[in-house]
Each structure stands twice: as structure tokens, then as C-alpha cells.
Amino acid sequence: MLDPKLLRSDINAVAERLLVKRYRLDTAAFLALEEQRKALQLAAEDLQQERNSYSKSMGKLIGEAKAKGEDVEPLKAKGEQLKMASAAADTELTEVQDALNAMLQGIPNIPHQSVPAGNDEDDNVEVRRWGEPHTFDFDVKDHVDLGAAFNGLDFDRAAKITGSRFSQMRGGLASLHRALTQFMLNTHIQEHGYEEVYVPYIVNRESLYGTGQLPKFAEDLFKLDDEREFYLIPTAEVPITNIYRNEIVEKLPIKLVAHTPCFRSEAGSYGRDTRGMIRQHQFEKVEMVQFVHPDESWDALEALVGDAETILQKLELPYRTVVLCGGDLGFSAAKTYDIEVWLPSEGKYREISSCSNFGDFQARRMKARFRNAEGKPELLHTLNGSGLAVGRTLLAVMENYQQADGSIAIPDVLRPLMNGQTHIK
RNA sequence: GGUGGGAUGGCAGAGCGGUUGAAUGCACCAGUCUUGAAAACUGGCAUACGUUAAUAGCGUAUCUAGGGUUCGAAUCCCUAUCCCACCGCCA
């Protein structure tokens with residue numbers, strides 16, 4: 001959520017910057033509501049004050065009246081009247097405030113000045129490239145064919161067990177998948193200073209609201225059939241970031257990492273990436289989340305992207321890093337870098353990590369704060385990034401490490417986690 | 001699944017219908033004393049929102065959350081959530 005004060009004081013500047021995100025802010029509607037809110041709030045608070053002070057004096061008045069043997073009912077009747085007037089004003093005020101809140105909650109975060117203009121992913125700007133795409137002296141296969149060849153990857157059986165967009169792995173490939181997870185976690189914990197957390201995979205709606213998935217993006221979520229309004233997590237960002245919802249933390253920065261499954265219903269993307277493991281209803285991800293001082297978040301974002309890139313470098317997978325243009329930027333993010341890994345079968349780079357700075361946007365929704373130098377609570381900044389999406393990393397390893405005989409070489413850094421094994425076949 | 005008990009400021013803990021935004025203690029901050037520190041003493045010490053040039057005043061809200069009773073609720077009633085204890089059941 002944006003700072004309502006900012007909207008009140010400088011709405012035109014906000015509207016202009018939101019255009020970068022291709023969001024048209026209805027400034028007239030906001031200002032009209034805001035004007036109503038102000039008038040109603042002043043009136044409601046005045047009435048409330050009157051009611052409070054009258055009630056406060058009642059103890060004494062009733063005592064006096066009773067001492068004189070007078071009727072107490074007229075005194076009560078006036079109180080009743082004040083109550084009715086105040087309640088009516090409150091109802092009006094609440095209506096306007098609800099409308100204002102609904103509008104406020106639907107406004108996306110303001111993009112950072114450095115975010116390039118653009119409409120969609122084609123306008124994202126490459127900031128660096130690492131590694132050379134490998135050239136093969138045989139016809140490259142994609143991960144689906146590679147996996148099928150040694151019965152390691154089975155989409156048909158997964159479809160039988162559940163449905164489309166699920167996968168089943170077995171043997172060396174399943175182990176490699178697990179080894180990748182372990183490798184990523186170890187690297188972030190031992191080399192990048194993250195603390196590992198284990199979190200629930202089912203969350204309530206307050207948590208989804210805190211990170212911004214709700215109320216706008218409910219169709220991407222799997223909701224449980226339970227009166228408690230529980231959802232499967234679409235990313236570990238939700239449970240990890242919400243660790244500090246409604247809290248004032250003592251010390252910043254806090255850097256956490258977790259490995260979790262992620263569940264996405266992907267309602268809006270039928271027909272896209274239907275083949276293979278690129279887009280699944282269930283996948284594994286290692287997620288990094290940082291809680292930082294507002295002055296530090298832009299440096300932290302650069303470091304976070306570096307932490308994610310390190311994984312690809314150690315795996316010797318060629319990649320490029322792009323900064324998302326305004327039109328491709330997510331609802332809650334102020335700036336996002338995507339890391340894209342080279343996929344030989346497609347001859348192009350595909351997203352494998354997304355690292356974002358949310359500024360105080362999520363923190364305001366979550367009321368996550370820290371004590372500043374004056375000892376006053378202040379909203380902190382949140383960031384997160386995949387480090388990395390495990391399924392897509394596995395796919396990238398398979399395709400980039402494929403051999404002429406259809407086997408897959410295991411990257412050096414993973415061999416200790418695979419009992420020294422060098423190939424999967 | 002059953003039966004009880006509980007949730008109050010950073011923490012501990014009073015209050016159980018009317019100057020209670022909330023006693024008291026601890027912690028914290030400032031000062032006095034001291035060569036310095038400790039101790040002792042004095043004072044201060046919640047958050048959000050609104051109004052405002054203001055982190056000054058003033059107002060409103062907040063004693064887990066949401067409803068209700070009442071002129072008036074931390075205090076009474078209902079519901080939800082969480083915690084604790086005991087019993088049962090199951091990994």
C-alpha cells in the first residue's frame with residue numbers, strides 16, 4: 001500500500017510515476033473521496049467528543065439527581081440522543097473510508113526512478129550477461145525428451161495421479177533435484193549470511209494480503225475448502241515475509257532463506273509453456289527474503305541479485321540479468337531484476353529467478369516496523385528473490401549438461417551431494 | 001474430539017460498569033549526588049489516525065480480534081483466534 005499522506009500531498013506526481021507501470025490513477029475520484037472523508041471524520045469526531053464528555057459527566061449528574069430525588073431518565077435520554085447522532089455519523093464515515101481503502105489497496109507500488117519505461121517483457125533491459133552458451137556437436141534435446149529417455153521424468157503418470165502441469169521424477173534425476181536444493185541452501189547459509197527458516201505451506205488471508213497477493217490476485221492461488229480461508233503458498237515469500245507482520249523488530253538487517261514447495265493455479269496462462277517443467281502447478285523454490293533499513297534497500301537489492309547469480313555461476317550455467325520495465329513490473333515491487341538462464345533447446349534465455357525491492361509497500365500492509373535512531377517505530381523495507389527456482393534449474397542443468405549419448409553430466413559442485421556420481425543415465 | 005483456565009503497555013502484573021490510556025514493579029531515557037561507576041533520589045517514557053508549518057497543542061481510536069448490552073465497557077454478554085492444563089485418539 002502507498003502512503004496515503006503522499007497521495008494527499010502530491011497526487012499528481014504519484015500518478016505520473018505510476019504511468020511508468022502503465023497504471024492510470026483516477027486522481028479526481030481519489031481527491032473527491034478524500035474530501036468527503038475529511039469532512040465526515042471531523043464531524044464524526046466532534047460528535048464522539050460530545051458524547052464522551054457527556055457520558056463522563058453522567059456519573060456525577062446521576063448522583064446529584066438521585067440525591068435530590070429527581071428523575072434520572074431525561075439525563076439518559078439526552079445521552080441516547082447523542083449516541084444516535086454519533087452512530088449515524090460513524091456509519092457515513094465508515095462507508096467513505098472503506099471506499100477509500102479499497103481504492104488505496106488497488107494502487108500498485110511506485111516504480112523506482114531507475115526502472116525503464118516499457119509495456120511488456122520485450123522492453124526489459126539487459127544489464128549483464130555471464131557465461132557463453134555451450135555449442136553442441138549433436139542435435140540438442142529438450143529436458144522432456146532427455147528425461148523420458150531414461151525414465152527419469154514422467155508427465156503422463158503425473159497427469160494420471162493428479163492432472164496436467166504436474167511432474168514425477170525418479171532415480172538420479174529426483175536425487176539431482178534434491179541435491180540442487182541442498183546446494184542452494186548451503187551456499188546462501190554458509191556464504192551469503194542467510195538464516196534458514198522452516199515455514200508453513202498453508203497460509204491465511206491476512207498473510208496473502210500482507211505481501212500483496214490478495215485481494216487482487218486470488219485467481220492464481222489454490223484455496224483450501226475450509227471455512228478458515230486457507231491457501232497453499234504460491235511462493236515462500238508469503239510465509240517468510242509475514243514472519244514479522246505486526247511486529248517491531250529489534251535489529252536490521254534480517255536475511256532469511258527457506259526451501260518450500262510452491263503452488264500456483266496459473267489461471268491466466270493456459271496454453272503457455274504447456275510442455276515440460278517450465279510452468280507447473282507445484283514446484284520447489286529456494287527463496288531469500290530480507291528485512292532492511294529504508295536507507296539500505298537499494299544496495300540490498302543489488303546484493304540479493306548477486307546472491308542468486310552466484311548459484312548459476314557455481315553451476316556454470318550461462319545467464320543474463322534483466323531489469324524489468326515498468327509495464328512488466330509486479331504490483332508490489334518498486335524494482336525487479338529477473339535472472340534468465342540459457343536453454344539450448346529453445347535457443348534463448350528463460351526466467352529462473354526474480355529479485356525485487358518492495359520498499360515499504362509490503363511493510364505498510366503488514367505493519368512491519370523497526371525502531372529508528374530516535375527510538376520511534378518506522379516501516380522497514382522488504383526484499384525477496386528466488387535463489388533459485390529448483391525445477392527450472394534442474395531443467396537448465398539437464399539441457400546444458402546433456403551429452404551425445406543422452407546422459408546428463410552432473411555439475412562439479414553437485415557431485416559431493418550425489419555420492420560422487422558424475423552422470424545420470 | 002472432550003473438559004477446564006487464560007490473553008492488559010518493552011516485560012511482569014493490578015484493575016472486574018463511571019476523572020483508567022490504564023495502579024505497581026522491572027527495563028529504558030534525562031537529571032541530582034559521585035573522581036568515575038553502582039546505589040539512592042527526582043522527572044520522563046505506548047501506538048495509529050485526524051487537524052496543523054509542527055516530531056507543539058488539541059481531538060478520535062486502541063486493554064487478542066469482531067459483534068452486542070449500556071447514557072457510559074479493560075470490566076457484562078456472544079462469536080472467532082491463539083495460549084496453558086488435564087483426558088481421549090493418532091503419526
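Values below: every heavy atom of this structure, side chains too, minus hydrogens, waters and symmetry copies.
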Any residue meeting side chain to side chain donor-acceptor pair (under 3.5 Å) with A:Q36, in chain and number order, not counting sequence neighbours: none
A:S175 meets the side chain to side chain donor-acceptor pair (under 3.5 Å) criterion, sequence neighbours left out, with none
What is the base-pairing partner of [N], counting Watson-Crick and G-U wobble geometry with both distances under 3.5 Å?
N      : answer
B:rU51 : B:rG57
B:rC86 : B:rG2
B:rU19 : none
B:rU75 : none
B:rU42 : B:rA30
B:rU35 : none
B:rG9  : none

Anything under 30° is parallel, anything over 60° is perpendicular, the rest tilted; go ahead and classify A:F361 against A:F331. perpendicular
Report, as a single string ordered 5' to 3', how protein heavy atoms within less than 4.0 Å touch nucleotides 67-84 of chain B: B base, S sugar-phosphate only, - not at all. ---BBS------------
Give the nucleotide from the list B:rU60, B:rU47, B:rU51 with an atom nearest to the side chain of A:L42. B:rU51
Can you identify which nucleotide, out of B:rG50, B:rU51, B:rU60, has its nearest atom closest to the A:K5 side chain? B:rG50
Interatomic distance at [atom1], [N] relative to [M], whole Å:
N      : M      : atom1 : result
B:rG59 : B:rG68 : P     : 27 Å
B:rU8  : B:rU20 : C1'   : 12 Å
B:rC76 : B:rA91 : P     : 43 Å
B:rU79 : B:rA22 : P     : 32 Å
B:rG44 : B:rU24 : P     : 11 Å
B:rG17 : B:rA12 : C1'   : 27 Å
B:rU69 : B:rG13 : P     : 34 Å
B:rC33 : B:rA39 : C1'   : 11 Å

Toward the 5' end of RNA chain B, which comes first, A:N52 or A:R37, by nearest nucleotide? A:R37
Taking for each residue the nucleotide of RNA chain B with the nearest heavy atom, is it A:R8 or A:E50 whose nucleotide lies nearer the 5' end? A:R8
Between [atom2] on [N] and [atom1] on [X], what's the gap in Å once rounded to a whole number?
X      : N      : atom1 : atom2 : answer
A:I248 : B:rA46 : CD1   : P     : 13 Å
A:K376 : B:rC28 : NZ    : P     : 19 Å
A:E92  : B:rU60 : CD    : C1'   : 17 Å
A:E378 : B:rU55 : CD    : P     : 14 Å
A:L93  : B:rG50 : CG    : C1'   : 10 Å
A:N101 : B:rC49 : CG    : P     : 12 Å
A:Q97  : B:rU60 : CD    : P     : 16 Å
A:L104 : B:rA48 : CG    : P     : 17 Å

Of all residues at least two apart in sequence or in a different chain, which pass the salt bridge (charged side-chain N to carboxylate O under 4.0 Å, His left out) check with A:R37? A:E34
Should [X] be listed as having a side-chain N or O under 4.0 Å from OP1 or OP2 of [N]?
X      : N      : answer
A:K38  : B:rU51 : yes
A:K367 : B:rU47 : no
A:Q41  : B:rC49 : no

Using side-chain contact (heavy atoms from CB on, under 4.5 Å) as the criterion, list what pairs up with A:T187, not counting sequence neighbours. A:F183, A:E191, A:H192, A:T310, A:I311, A:K314
Flag for A:Y209-A:Q105: side-chain donor and acceptor within less than 3.5 Å: yes
Is the closest side-chain donor-acceptor distance between A:E284 and A:H259 under 3.5 Å? yes
By ring-ring contact (aromatic ring centres under 6.0 Å, His included) - contacts of A:H293 (at least two apart): A:F370
Would a distance-only check, ignoring hydrogens and angles, find a side-chain to backbone donor-acceptor pair under 3.5 Å from A:S265 to A:E219? yes
